[in-house]
> 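Structure provided below as structure tokens; questions to follow.
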Amino acid sequence: MLATKVIAMPEKVQPKINSLESALHEWEKAVGRENVITDTAKISYYENTTFKTSQSVSAILTPKNREEVQACVRIANEYKTPLYPVSKGYNWGYGSRVPAESGCVVISLERLNNITGYDEELAYITVEPGTTFRQVYDFLKEKNSNLIAPAIGSTSAASLIGNALERGVGQGIYADRFQHCCNMEVVLPNGEFIQTGFGNMENVHSKNIFKWGVGPTIDGLFSQSNFGIVTRMTFWLSRKPAYFQAIFYTIKNNDQLEKAVDALRQLKLEGTLTTASIISNSHRILSMKRQFPWAEVKDDNATLPQRYVDELEKNALKGAVWVGDDAIMAPTKAIGKARAKRVKQLLGAVVDDMIIINDRVARIGTMLWRPIKALTGVDLRELMYFFYNSTHLGIPMEKQLSVCYWRKKTPVPANIDIDRDKCGVISLTPSVPLQGSHVIKVMGIMENICRKYGFEPNLGLKTMSERHLICVPQIIYDRETPGQDKKAMDCYNEMLKTLTDEGYPPYRLGVQSMDKMTSTSSEYVQLVNILKSSIDPNNIISPGHYGIGS
Ligand SMILES: Cc1cc2nc3c(=O)[nH]c(=O)nc-3n(C[C@H](O)[C@H](O)[C@H](O)COP(=O)(O)OP(=O)(O)OC[C@H]3O[C@@H](n4cnc5c(N)ncnc54)[C@H](O)[C@@H]3O)c2cc1C
């Protein structure tokens with residue numbers, strides 16, 4: 001039976017006098033005084049991200065459960081004080097906790113951090129917004145689970161739900177997280193809550209394993225939008241392969257890169273490769289290994305002398321300029337070997353060097369790294385580290401976050417916090433067909449624009465499916481160097497415009513550009529706005545997020 005409860009939409013109200021003050025008072029009653037934060041130091045942390053923004057935050061609320069979230073939303077409606085929900089707020093490179101518009105009260109869902117459901121056989125986990133990637137990894141480990149925890153290239157302190165709502169791309173088989181989730185519990189702008197898919201009916205056995213339910217499907221309305229606050233979601237997990245192999249390969253030039261991308265498409269479409277493939281350029285590899293050589297280059301605005309890249313390419317990469325990182329997930333050794341053979345045939349034939357590591361190779365490589373290095377010049381220790389800590393297997397890794405400190409003059413700290421440390425990071429992730437010719441064109445545009453503005457071209461790509469990938473340039477700088485904030489944003493804006501004009505808009509936006517990217521179809525915009533104004537007439541939830549209700 002479909003639920004028959006009528007959802008009352010909030011009345012459009014006039015703001016009350018002293019509405020923020022009165023609302024704060026009401027919120028204190030609803031969630032407790034200590035969970036309504038107005039302390040200027042904490043607020044200024046929430047107003048700060050990895051690039052320059054000017055949006056102000058009025059206060060921070062930290063409710064502890066769905067009921068308290070509902071109460072906060074009702075009060076926000078009554079006093080017409082907009083809320084900006086974040087789960088953990090590690091939206092690094094895209095705006096962290098900073099709202100799209102000034103004057104919002106941030107509602108941080110970090111205290112809703114329970115794992116509320118888990119099924120080993122059907123391979124899913126149900127979590128609240130404050131649940132982190134690390135938490136799920138530890139939980140599955142403790143259960144001795146055969147399931148792979150979701151992982152991303154960012155901090156493992158980030159939220160599964162926050163990441164999925166931005167339609168983030170992780171590692172492994174279910175890298176496109178929003179494709180592989182269901183049964184969302186959402187608090188609507190009127191304070192009521194709903195569940196999506198079969199979650200909206202009582203007693204349905206498949207509510208956590210089937211996304212669509214019956215009738216219209218509305219999950220998508222709650223991602224990259226502002227139609228509600230998600231308080232619970234189910235994520236599907238893939239199983240650990242019985243036979244895991246890591247693939248590393250190098251690419252010497254654009255011709256090889258183009259062919260490699262086409263080979264990846266073929267291997268994915270036929271089902272040989274199933275995880276998200278990653279390719280990084282030598283600048284990205286270098287910034288993972290070390291920081292900018294400030295001891296030798298004294299000018300704050302100088303670009304990296306080419307010899308540093310040349311040295312890395314010549315010595316560690318044997319003349320290559322790109323490095324590929326992939327995995328073969330196989331249920332048996334025989335299937336794994338057959339897949340490895342196929343990968344060598346298609347991908348191995350077009351790239352420069354390729355190594356496929358299984359348990360046995362890793363054991364030998366670890367024991368014999370010294371003589372192997374003496375004989376071939378190749379230091380296998382790093383590859384072994386990536387094999388044993390593979391994010392393809394869901395193992396959280398923070399190592400790659402050191403790239404954000406590339407231009408800092410202080411060393412990378414043990415407890416990384418790129419907001420606190422004023423690392424400049426602006427991410428832009430154009431959506432690109434999984435075809436070599438497109439990749440070459442997009443990489444060329446990104447590299448030229450980075451160089452034009454004096455930034456090292458820190459470039460990579462990640463496949464999202466068998467036919468789609470995102471390119472991942474990051475503009476990395478030091479926010480403490482005068483003038484760099486502006487230069488970096490100019491660089492970003494030119495890249496955004498050029499890529500969009502060329503047919504490669506980003507798949508996800510940062511808070512600085514939500515008003516710059518709108519649909520070119522006025523009918524589409526009108527429909528979204530009609531939905532917003534009927535569900536949220538007071539524009540209470542995240543006004544201006546993705547340009548909606550601004
Ligand atoms: C070096 C580096 C590597 C990175 N690698 C990756 C990567 O591999 N994959 C990737 O996807 N990202 C990556 N990121 C970007 C980012 O760090 C992650 O996407 C991270 O998961 C986002 O933070 P969060 O999960 O804490 O989400 P939050 O910051 O909590 O949420 C993100 C946004 O979603 C909305 N939102 C959050 N929760 C809710 C809710 N409950 N209801 C309604 N709306 C909500 C809000 O608008 C919020 O701003 C990387 C960043 C850097 C700097």
Side-chain angles (χ1 to χ4, degrees), residues 46 49-51 55 63 66 69 73 83-101 104 106-110 112 127-134 150-172 175-178 184-189 221-233 276 278 280 284 287-288 391 396-406 416-419 423-429 458 460 462 464 470 472 474-476 507-511 514 541-546 548:
Y46 274 64
T49 183
T50 58
F51 47 85
Q55 294 93 313
R66 197 239 307 137
V69 175
V73 172
L83 297 175
Y84 185 75
V86 301
S87 288
K88 288 291 287 183
Y90 290 110
N91 203 14
W92 285 342
Y94 298 96
S96 310
R97 302 153 187 88
V98 176
E101 287 185 4
C104 287
V106 172
I107 178 162
S108 169
L109 305 165
E110 63 203 283
L112 281 79
V127 299
E128 294 182 332
T131 308
T132 66
F133 287 93
R134 164 70 63 180
I152 48 170
S154 188
T155 169
S156 60
S159 152
L160 263 74
I161 289 187
N163 181 268
L165 292 181
E166 282 296 297
R167 300 206 283 268
V169 191
Q171 325 287 85
D176 182 352
R177 215 65 73 197
F178 198 69
M184 300 164 78
E185 179 186 85
V186 189
V187 172
L188 298 174
L221 277 183
F222 302 106
S223 83
Q224 296 194 355
S225 70
N226 51 13
F227 291 97
I229 300 182
V230 177
T231 48
R232 207 175 59 205
M233 246 165 111
I278 298 165
S280 311
R284 180 159 295 176
S287 59
M288 271 192 243
T391 49
M397 201 201 282
E398 315 273 298
K399 199 177 160 82
Q400 67 280 13
L401 284 172
S402 60
V403 299
C404 304
Y405 290 79
W406 163 246
I416 285 181
D417 181 343
I418 64 174
D419 292 323
C423 300
V425 181
I426 312 182
S427 297
L428 172 64
T429 29
N458 182 318
K462 199 191 249 189
M464 261 179 108
I470 49 168
V472 194
Q474 277 176 328
I475 303 167
I476 307 235
Y507 89 108
R508 166 182 184 179
L509 293 174
V511 278
M514 297 209 161
I541 310 290
S542 305
H545 197 230
Y546 282 85
I548 312 164

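Each ligand, and each atom within it, is numbered from 1 in the order the structure gives. Worth knowing before you read on, the calculation uses all heavy atoms, side chains too, and leaves out hydrogens, waters and symmetry mates. Quantities reported herein were computed from a predicted structural model and do not represent experimental measurements.
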> Using a 4.0 Å heavy-atom cut-off, which part of K462 comes near ligand 1: side chain, backbone, both, or neither?
side chain
> Could you tell me whether a side-chain N or O of S156 sits under 3.5 Å from a main-chain N or O of R134, the two making a donor and an acceptor?
no
> Quick one: does R167 get a heavy atom under 4.0 Å from ligand 1?
no
> Can you list the residues that meet the side-chain hydrogen bond (donor to acceptor under 3.5 Å, both in side chains) rule with Y507, with sequence neighbours excluded?
none
> Please state whether P99 comes within less than 4.0 angstrom of ligand 1, counting heavy atoms only.
no
> For ligand 1, indicate whether the residue H545 contacts it via side chain, backbone, both or neither (heavy-atom separation under 4.0 Å).
side chain
> With a 4.0 Å heavy-atom cut-off (strictly under), which part of F222 contacts ligand 1: side chain, backbone, both or neither?
neither
> Could you pull out, from S225, S87, G460, the option with a heavy atom nearest to atom 30 (O) of ligand 1?
S87
> Looking only at protein heavy atoms, which one is nearest to atom 36 (N) of ligand 1, and how far off is it?
P85 O, 3.7 Å
> Say you draw a straight line from CG of L109 to OG1 of T231; how long is it, rounded to the nearest 0.5 Å?
8.0 Å
> Whether the side chain of K88 engages the backbone of T132 through a donor-acceptor N/O pair (distance < 3.5 Å, no angle test) should be reported.
no
> Pull out every atom of ligand 1 sitting under 4.0 Å from any heavy atom of G89, numbered as shown with elements.
26 (O), 28 (P), 29 (O), 30 (O)
> For atom 20 (C) of ligand 1, grab the closest protein heavy atom and report residue, atom and distance to one decimal in Å.
Y90 O, 3.4 Å
> Heavy atoms only, cut-off 4.0 Å: how does K88 contact ligand 1, side chain, backbone, both, or neither?
both
> Return the residue, atom name and 0.1 Å-rounded distance of the protein heavy atom closest to atom 27 (O) of ligand 1.
G162 CA, 3.4 Å
> With atoms numbered from 1 as shown, which atoms in ligand 1 lie under 4.0 angstrom from a non-hydrogen atom of L109?
40 (C), 41 (N)
> Consider only side-chain N and O atoms of Q55 and Y46, and report whether a donor and an acceptor are under 3.5 Å apart.
no
> Please could you name the atoms of ligand 1 that G228 approaches to less than 4.0 Å, counting only its heavy atoms?
43 (C)
> Looking only at heavy atoms, is any part of V169 under 4.0 Å from ligand 1, and if so is it the side chain, the backbone, or both, or is it neither?
backbone
> Among protein heavy atoms, which lies nearest atom 13 (C) of ligand 1, and at what distance?
S154 CB, 4.0 Å
> Working to the nearest 0.5 angstrom, can you tell me the gap between D417 CG and C423 SG?
8.5 Å
> Is the shortest N/O to N/O distance between I161 and ligand 1 below 3.5 Å?
no
> Restricting to pairs with a member in residues 223-232, which pass salt bridge (Lys or Arg N to Asp or Glu O under 4.0 Å), not counting sequence neighbours?
E185-R232
> Any N or O on I229 sitting closer than 3.5 Å to an N or O of ligand 1?
no
> Please classify the N163 to ligand 1 contact at 4.0 Å (heavy-atom distances, strictly less than): side chain, backbone, both or neither.
both
> Any nitrogen or oxygen of V403, side chain or backbone, less than 3.5 Å from one on ligand 1?
no
> Can you list the ligand 1 atoms lying under 4.0 Å from a non-hydrogen atom of S159?
24 (P), 25 (O), 26 (O)
> Under 3.5 Å, N or O to N or O, is Y84 touching ligand 1 that way?
yes
> What do the steps show when you test R508 against T429 for side-chain hydrogen bond (donor to acceptor under 3.5 Å, both in side chains), and what is the final call?
CA-CA 7 Å; R508 166 182 184 179; T429 29; 5.9 Å; no
> One pair to check against side-chain contact (heavy atoms from CB on, under 4.5 Å): N458 and W406. What are the steps and the verdict?
CA-CA 10 Å; N458 182 318; W406 163 246; over 6 Å; no
> Among all protein heavy atoms, pick the one closest to atom 1 (C) of ligand 1 and tell me residue, atom and distance.
L401 CD2, 3.6 Å
> Numbering the atoms of ligand 1 from 1, which are under 4.0 Å from a heavy atom of G168?
11 (O)
> With respect to G93, determine whether any N or O atom, backbone or side chain, lies less than 3.5 Å from an N or O atom of ligand 1.
no
> Under 4.0 Å from ligand 1, counting heavy atoms only, is it the side chain of R97, its backbone, both or neither?
neither
> For ligand 1, note which part of C404 has a heavy atom under 4.0 Å away: side chain, backbone, both or neither.
side chain
> Considering heavy atoms of the protein only, find what lies nearest to atom 2 (C) of ligand 1 and give residue, atom and distance to 0.1 Å.
Q474 NE2, 3.6 Å
> Which residue and atom name correspond to the protein heavy atom nearest atom 42 (N) of ligand 1, and how close is it?
V230 N, 3.0 Å
> Heavy-atom distances under 4.0 Å are what count here, so tell me which part of E398 touches ligand 1: side chain, backbone, both or neither.
neither
> Which protein heavy atom lies closest to atom 51 (C) of ligand 1, and at what distance to 0.1 Å?
W92 O, 3.5 Å
